[in-house]
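Step one of this worksheet: look at the structure below.
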Amino acid sequence: MTAEIDTKDPKFLAYWTKCIRAASKWSQEALAAASGLTVRTIQRIEAGQAVTETTRRALARGLGYDNPDVFEDPEFIKGIHALFDGMHKLKDKEDRKQFPDHMRISVVRVKKGEGLARIAYEGN
């Protein structure tokens, strides 16, 4: 279930920053001070707005990474994939234990009327 994770994606960076900051019990102010960025920049990062390479590097240093280019490092990306895959497998296992009668199904967004009609006819 390995989906591509783009560590330069602002949404990933927002999620990762919030996770690390929360795990470290840091405020946005503390992260701003550690990274040399402004609190407003930290807020923008956590809101999922795009940032420059310089800002990503400062953020990496502020989060405690020795490598300022960690978000582009193939080993880091591989580790993120392993972490997320492990979380999914654990969640699936917990769900199966808690809800043994339930079954996961894939979901597809319906974009046209014909898709909705197909669901209506196939769902009976």
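These values consider heavy atoms only, across backbone and side chains, with no hydrogens, waters or symmetry-generated copies. Numbers here are sequence positions counted from 1.
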What residues form a side chain to side chain contact (heavy atoms under 4.5 Å, CB included) with [X], not counting sequence neighbours?
X: Thr54; value: Thr52
X: Arg44; value: Arg40, Thr41, Gln49
X: Ala33; value: none

- Message: Can you list everything that forms a side-chain hydrogen bond (donor to acceptor under 3.5 Å, both in side chains) with Ser27? Sequence neighbours excluded, please.
- Response: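 Once residues adjacent in sequence are excluded, the partners of Ser27 under the side-chain hydrogen bond (donor to acceptor under 3.5 Å, both in side chains) criterion are Glu29.
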- Task: Compare all side-chain heavy atoms of Leu31 with those of Thr17 and state whether any distance is below 4.5 angstrom.
- Result: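 Counting from C-beta outward, Leu31 and Thr17 do come under 4.5 Å.
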So how far is it from [X] [atom1] to [Y] [atom2], rounded to the nearest 0.5 Å?
X: Glu75; Y: Ile77; atom1: CD; atom2: CD1; answer: 10.0 Å
X: Ile42; Y: Leu37; atom1: CD1; atom2: CG; answer: 5.0 Å
X: Ser35; Y: Gln28; atom1: OG; atom2: CD; answer: 11.0 Å

- Item | Thr55 side chain to Val51 backbone, donor-acceptor under 3.5 Å |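 No, the answer is negative, given that no donor and acceptor are paired below the 3.5 Å cut-off.
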- Using the rule that two of Ile, Leu, Val, Met, Phe, Trp, Tyr join whenever any of their side-chain heavy atoms come within less than 4.5 Å, decide whether Ile20 and Val39 are in one cluster.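 Looking at the clustering, Val39 is in a separate group from Ile20.
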- Please name the pair of heavy atoms, one in Pro10 and one in Gly48, separated by the smallest distance, quoted to 0.1 Å.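 In this case the closest contact between Pro10 and Gly48 is CB-O, 3.0 Å.
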If you look only at distance, which donor and acceptor atoms sit under 3.5 Å apart when one is on a side chain in residues 59-68 and the other is two or more places apart or in another chain?
unit_1	atom_1	unit_2	atom_2	d
Tyr65	OH	Trp16	NE1	2.9
Asn67	OD1	Asp69	N	2.8

- Report the C-alpha distance between Glu72 and Arg56 in whole Å, list the side-chain angles of each, state the deciding distance to 0.1 Å, and finish with yes or no for side-chain contact (heavy atoms from CB on, under 4.5 Å). CA-CA 10 Å; Glu72 288 83 31; Arg56 280 195 311 275; 3.2 Å; yes
- Enumerate the residue pairs fulfilling ring-ring contact (aromatic ring centres under 6.0 Å, His included) with a member in residues 20-42, sequence neighbours excluded, ordered by first and then second residue.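 Non-adjacent pairs meeting ring-ring contact (aromatic ring centres under 6.0 Å, His included): zero.
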